[in-house]
Protein chains: 4
Amino acid sequence: MPRTTDGDGTPVPRRLLAAATRLFAEQGYDRTSVQEIVEAAGVTKGALYHYFGSKDDLLHEVYARVLRLQQERLDAFADADAPVEKRVRDAAADVVVTTIENLDDASIFFRSMHHLSPEKYRQVRAERRRYHERFRALIEEGRRAGVFTDEVPADLVVDYHFGSVHHLSTWYRPDGPLGPQEVADHLADLLLRALRP
Amino acid sequence: MPRTTDGDGTPVPRRLLAAATRLFAEQGYDRTSVQEIVEAAGVTKGALYHYFGSKDDLLHEVYARVLRLQQERLDAFADADAPVEKRVRDAAADVVVTTIENLDDASIFFRSMHHLSPEKYRQVRAERRRYHERFRALIEEGRRAGVFTDEVPADLVVDYHFGSVHHLSTWYRPDGPLGPQEVADHLADLLLRALRP
Amino acid sequence: MPRTTDGDGTPVPRRLLAAATRLFAEQGYDRTSVQEIVEAAGVTKGALYHYFGSKDDLLHEVYARVLRLQQERLDAFADADAPVEKRVRDAAADVVVTTIENLDDASIFFRSMHHLSPEKYRQVRAERRRYHERFRALIEEGRRAGVFTDEVPADLVVDYHFGSVHHLSTWYRPDGPLGPQEVADHLADLLLRALRP
Amino acid sequence: MPRTTDGDGTPVPRRLLAAATRLFAEQGYDRTSVQEIVEAAGVTKGALYHYFGSKDDLLHEVYARVLRLQQERLDAFADADAPVEKRVRDAAADVVVTTIENLDDASIFFRSMHHLSPEKYRQVRAERRRYHERFRALIEEGRRAGVFTDEVPADLVVDYHFGSVHHLSTWYRPDGPLGPQEVADHLADLLLRALRP
DNA sequence: TATGAATGAGAATTCATTCAT
DNA sequence: TATGAATGAATTCTCATTCAT
């Protein structure tokens, strides 16, 4: 039996990824040493480099997972069978909830992107762009349907909302007065209010 | 003649600060070496350590300058003699304009805060908090006056707007289609729209 | 069916040896990783360690093959039925031709010998010595026959010639103006000229 | 007083260079760690990287010194006021003597050149080429004067001789039967004998 | 005020080798 | 015969900071 798992049965690559995610979020990418990661994962450096080409690679994997997750959820909400207003509200609230539920990934996302190698950076930006475009298309659909104002450029509206999503990792505390769903509802509400004609 | 200035007449500490600001913004705090900073400023390491206690100190000075500037401007707009709606709109737009005009500082701000020593970090957070409170007070004033909705917590509204301000350094490009003032007007407009009762 | 051969029918050990020879020559022994060798040979590390005890072993095998080859050829030329002058000339030219035809082995030989384990190093030196002695005996035979000068120690003469042979891998280029045989004839000629009484 | 020297008064860079030269010659470039070098020189790693950009740089400096020395000596002998035969003999013997007197440098030279960065490698090759050309010009001068044979290409003659010079580090032992000058005289003699018309 | 040589701890990465299967 | 995950030690290099001058 290849020792791909350890005492707890979790495969080594996943253990490494989990440890890296937590540490990158807590201390930042640069402040986290490979040594810390492997210690937290309970393996040796050699094992890390057996599975990941570099520290940078590890960061990229964190991103890939988040990007995939968010894109899937947005697509599901956007393609739902409901009035555009509701679809926007649901999608806007959902991204808040999932961001709060994965605050570590979010911190990393908005703070460490520039640590990726140029090539991987471009790749992440491109996927990010796709996400942005999908959301913008939704806004424009509502605008054409006459339920949203067209006084503000749709791009700007998208960045407005996602700005607040990114910002969550700066101020949101699990032990604060508002739960994820409440925050999500409020932020989606602010967006919809701003979009009223 | 003490050589506090150089060919261009700019005092050494300011030259160092300018070089550090640019480099921190371009490469991040951790990726910027003290050596690079002193080379960019045209001085030697000894000089840097003569004026600043540490690399961390340099970062703190960057923050101090931005915080002071923004607080002053917010106070001025908030204390103006005008209807609360206008004061909120003006303040909200102004922070966008000055952020765009100092995008380097902004990048550093939202990306490198966690590199400060715990003590300085607390200090910056406290000043940041004062800023947030002042803005929130303005929102609540409008709310009491009945011109703003009270369906969303004021704190959340403030974070909503500042989220989009932080986000600017991620997407704003000087050579893009919108100038600073246009972006500012749109974003302030979105805020005011969301606040409509 | 044991998979000692692959698509091309070449047995695994030979494939490994060929890959190692090429890579050692191109990059040097230390710069070549075991991983590179097994990839070039299309096998895995386990296979390599099945056939060879260590990386060092692989190097030793390369030597063994060359040494055996050269000794056989020298013996053949030296034992031929011809005047000593001709036998020296033929042997001297032949070692040049075979060296040029195996330039990779030659590069390795003169650059990587010191990477062998002490024990294998001694062994190679001993075989090398035998080769040297055989050539020297030939020179002395000619000297006793009065066809070669005895103004220069025979050992030195041998080293003189083999120095130029070793040097071939430094300057000889297959696409240069001289073919292997031409170079060989010239170098043998230089040796014989020097040996004229 | 800056601590550029230590107990023995030798400046740090020179101490490093001396240690590196000895270790590279003894063990080869790849087998010598930076740690060993700084320990042998009695300084810390930081000091090494203060003076030299990389381990490769250190190797390049070793080369630069040898190349400069040999070129100067060749030029002096070649430009002397004497018959061409004598100038060739003197130059040929001198390179043997100085090579034996700096056998460490020579070992490094012919064994570690390929460890240089491509750029530095080209540079060393170019300087090496100049040396070769100078010697070749001398041979051709003698040929035109009718004192040397023209049956063998001059380039080949030069490589013939320098092959034996390179080879010295393989077999010459200070405690052997022949002193540097004797070896030099014999090897120069072999060259001149080969060149006889 | 300012220099720049020197430190020393720690960074990421590589690699030959082993071993359970 | 062969796999490939895992080890652990070693490698080169970086860097904030100090300090004698």
Side-chain angles (χ1 to χ4, degrees), chain A residues 1-6 11-13 16 30-38 42-58, chain B residues 1-6 11-13 30-38 43-58, chain C residues 1-6 11-13 29-38 43-58, chain D residues 1-6 11-13 30-38 42-58:
Chain A
M1 175 187 65
R3 259 200 297 126
T4 45
T5 67
D6 210 44
V12 167
L16 283 164
D30 270 320
R31 308 293 249 232
T32 302
S33 73
V34 168
Q35 190 59 44
E36 285 176 287
I37 297 171
V38 300
V43 301
T44 61
K45 271 194 259 200
L48 187 153
Y49 282 96
H50 182 69
Y51 291 106
F52 301 92
S54 63
K55 188 184 166 189
D56 176 279
D57 235 46
L58 217 37
Chain B
M1 175 188 64
R3 239 181 343 113
T4 44
T5 71
D6 209 44
V12 165
D30 272 320
R31 312 289 252 234
T32 303
S33 72
V34 168
Q35 190 58 44
E36 282 178 288
I37 298 171
V38 299
V43 302
T44 59
K45 278 202 236 188
L48 186 152
Y49 281 94
H50 182 72
Y51 290 109
F52 300 91
S54 65
K55 188 184 169 190
D56 177 279
D57 239 44
L58 219 35
Chain C
M1 177 188 65
R3 248 193 323 119
T4 42
T5 69
D6 209 44
V12 167
Y29 177 79
D30 271 320
R31 310 291 249 233
T32 302
S33 71
V34 168
Q35 189 60 43
E36 282 177 288
I37 297 170
V38 299
V43 301
T44 60
K45 278 201 238 188
L48 187 152
Y49 281 95
H50 182 71
Y51 291 108
F52 300 93
S54 65
K55 188 184 168 190
D56 177 278
D57 238 45
L58 220 33
Chain D
M1 177 186 66
R3 256 196 302 122
T4 43
T5 68
D6 210 42
V12 167
D30 270 321
R31 307 292 249 233
T32 303
S33 73
V34 169
Q35 190 58 43
E36 284 176 287
I37 298 170
V38 299
V43 301
T44 60
K45 267 192 262 199
L48 186 153
Y49 282 96
H50 183 69
Y51 291 106
F52 301 91
S54 62
K55 189 183 166 189
D56 177 279
D57 235 47
L58 217 36

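In the text below, chain A, chain B and the rest are named by the order of the sequence lines, each starting its count at 1. The basis for the numbers below is simple: all heavy atoms, side chains too, and nothing from hydrogens, waters or symmetry mates.
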Between [options], spot the one nearest the side chain of [X], thanks.
X	options	result
A:S54	F:dA2, E:dT13, E:dA16	E:dT13
B:A47	F:dT7, E:dA2, F:dC15	E:dA2
D:K55	E:dA16, F:dC13, E:dA12	F:dC13
C:V43	F:dT3, F:dT1, E:dA2	F:dT3

F:dA20 pairs with, by Watson-Crick or G-U criteria that keep both distances under 3.5 Å: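 Pairing partner, where one exists within any strand: E:dT3.
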Which residue lies more 5' along DNA chain F, comparing A:T44 with B:Q35 via nearest heavy atoms: A:T44
Whichever of D:S33 and B:G46 has its nearest DNA chain F nucleotide further upstream toward 5':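 Whichever sits nearer the 5' end wins; that is D:S33.
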Heavy-atom check, side chain of D:V38 versus side chain of D:T44, under 4.5 Å: no
Which atom of C:K55 lies closest to which atom of C:Y29, heavy atoms considered: NZ-O, 3.0 Å
Atom of B:E36, atom of B:R31 and distance for their closest heavy-atom approach: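 Smallest heavy-atom distance, with atoms named: OE1-O, 3.4 Å.
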C:D30 CG to F:dA10 P, straight-line distance once rounded to whole Å: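 It works out to 16 Å between those atoms.
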Phosphate OP1/OP2 of F:dA2 contacted by C:H50 side-chain N/O (<4.0 Å): no
N/O (side chain, D:Y49) to phosphate O (OP1/OP2, F:dC13) under 4.0 Å: yes
Side-chain donor/acceptor contact of A:K45 with base of E:dT13 under 3.5 Å: yes
Rounded distance [0.5 Å steps], NE2 in C:H50 versus CZ in C:F52: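 The distance works out to 11.0 Å.
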